[in-house]
Amino acid sequence: MMQSPIQQQQQPATSQPNGDNDKSLIVRMAERLGNVEPEKLWNVLKNDCFKVPYGQQPTNEQLMMLCIVSEQYGLNPLTKEIYAFPDKGGIIPVIGVDGWVSILRRQPDFQGYEFRYSDNMIRMQGAEVDGYEWIECTMHIKGMTSITVREHLDEVYKPPRKGRSGPWQTHTKRMHRHKVLIQAIRMAFGFSGVYDADEADNIRNNRSSDGNEVDITPNSPSPTLLPPASDSELSDSEKSMRKQLLQRAESKQCWRAAMEWVQKHPNLSEAVKKRFVNDLSESELMHTPLSDDEVEPTQKRAETPNADSANDADPAPEAPDEQA
C-alpha cells in the first residue's frame, strides 16, 4: 500500500513553495482547511480529489502536485474547488467554477463584471433546451481598460456521449455562461497551466489513440489487455442490466457502489465488467455537480440580456435537478 509522505517522514523541498518551511506542505494545508489531521486529509485527497479509473489510486508525487497547485491558488480540494486527473506521472489540475470565482474574488484589482447575451437562440445537436448563439463577459479591472470575451455556443458546446445527456444538454445556458466567465477571468488576470473540466477532458481524449479512456497510472501494468466489450458484444440481458445500472447510479448518486457490484458479479465476463465500469465512470464524470453558488454577490454591475446596466434577474437561472 502506498505510504504518504507523513508516514515516510519525508518532505521534498519542492513541496514547500512558500510560508513556514519547518512544516510540510500537507501540514500547512491541513491547518488552512480547518486544522484537520494531516494523515486524514491525505487519505481524503487520495480517495476523493482525483478522477482515476475505478480501483486505481494516484501516486504520492501526483498527490503532492495537487497540494502544491491548491496552495498556490488558495483553493480547497475538499469542496471540489480544484481536483485533478493523473497524466503521465504528473497531473492535469482542474478548477471548477466555484474555484474560479474564489480566485476572482481575491484579485485586488477586480471591479466587477457583466454579461451580454445574443438575441438569437439556437439548439445544438443533442441539446434538450435552446441556448444563446453567443455570450459576452466584460471584466472590469482597476486602472485598466475593461476586457470583453465572447464565446460562441457552437465552439464550446459538448455533445452527448454515447447518446446520454449531460449538463451541456440539460443546462446549456448555464454551462455556456460558466465557460465565458472562466475565459474572461483568464484573459483579465493571466492564469495558465490550470483547466476547466471540458478542457481537461479534451486533453485526455486527444491523447487516446482509440477514443477510449487510457490507463494513466504510471508503472502499474493492467492485469489484463482485454478491451471493454462493445455494444455489439453485449447480450440483450447485459444491455438491459447496463441500462438499469446507469439509471440507478444516476438517480441514487451511487456510482461507486454500482462499480463494486459489477466487479463482484460472478456471471459477467471481464470484458463486460470493464465496459460497465467505464460507462459508470463516465456517467459519474458527466454528472459532476454544477454549482448552485451563483456569482451574483461578486458582481457590482447587473447581468441582463443586451444591456450594460439593469436590475433584471439573470435570464438563465436554471438549477440542476440533482447534486451528483
Side-chain angles (χ1 to χ4, degrees), residues 1-17 19 23-96 98-99 102 193-195 197 200-201 203-204 213-223 249 253-264 277-278 280-285 287-289 323-324:
M1 180 179 294
M2 179 179 68
Q3 286 187 321
S4 74
I6 303 167
Q7 295 169 318
Q8 297 168 342
Q9 295 299 310
Q10 294 177 348
Q11 185 61 43
T14 56
S15 67
Q16 300 174 351
K23 295 180 180 179
S24 70
L25 173 59
I26 192 67
V27 171
R28 296 200 308 273
M29 193 171 180
E31 293 176 349
R32 177 170 66 87
L33 298 179
N35 289 319
V36 298
E37 294 182 23
E39 190 64 40
K40 289 183 178 180
L41 174 61
W42 185 265
N43 290 331
V44 170
L45 294 176
K46 176 176 63 177
N47 294 322
D48 296 336
C49 299
F50 267 83
K51 300 290 185 179
V52 295
Y54 179 75
Q56 300 179 6
Q57 291 184 339
T59 65
N60 284 342
E61 290 76 14
Q62 289 169 331
L63 275 171
M64 192 58 68
M65 290 178 192
L66 176 62
C67 291
I68 292 171
V69 178
S70 298
E71 185 172 64
Q72 178 183 355
Y73 289 100
L75 297 175
N76 186 349
L78 303 182
T79 58
K80 297 297 187 289
E81 287 184 345
I82 185 171
Y83 57 95
F85 291 99
D87 181 58
K88 297 183 178 180
I91 65 170
I92 302 174
V94 182
I95 298 180
D98 282 347
S102 175
V194 288
Y195 308 93
D201 195 41
I203 291 171
R204 295 165 69 240
E213 184 168 333
V214 178
D215 183 357
I216 49 180
T217 303
N219 302 321
S220 298
S222 173
Q253 305 172 24
C254 59
W255 292 276
R256 297 291 154 167
M259 292 178 196
E260 291 176 4
W261 183 87
V262 167
Q263 295 286 14
K264 295 176 181 178
V277 168
N278 285 359
L280 287 164
S281 297
E282 187 175 83
S283 172
E284 183 182 18
L285 177 61
H287 288 79
T288 298
Q323 292 295 318

So SG of Cys254 and CE of Met259: to nearest 0.5 Å the spacing works out to 10.0 Å
Would you check, one step at a time, whether the test side chain to side chain contact (heavy atoms under 4.5 Å, CB included) holds for Leu78 with Leu33? CA-CA 9 Å; Leu78 303 182; Leu33 298 179; 4.1 Å; yes
Calculate, to the nearest 0.5 Å, the distance between atoms CD1 and OG belonging to Ile82 and Ser102 respectively. 10.5 Å
For Ile26 versus Pro38, what's the shortest heavy-atom pair and its separation? CG1-O, 4.0 Å
In Å, rounded to the nearest 0.5 Å, how long is the span from CG of Leu25 to CZ of Arg32? 9.0 Å
When you compare the side chain of Leu75 with that of Ile95, does any pair of heavy atoms fall below 4.5 Å? yes
Just how far is it from atom CG of Leu45 to atom CD of Gln62, taken to the nearest 0.5 Å? 13.0 Å
Is a side-chain N or O of Glu81 found less than 3.5 angstrom from the main chain of Asn76, in a donor-acceptor match? yes
Given side chains that start at C-beta, do those of Pro77 and Val44 come closer than 4.5 Å, heavy atoms only? no
Rounded to the nearest 0.5 Å, what's the gap from CH2 on Trp42 to CG on Asn60? Could you check? 5.0 Å
Under a 4.5 Å cut-off applied to non-hydrogen side-chain atoms, are Asn43 and Glu39 in contact? yes
OH/Tyr83 to CD1/Ile91 distance, rounded to the nearest 0.5 angstrom? 12.5 Å
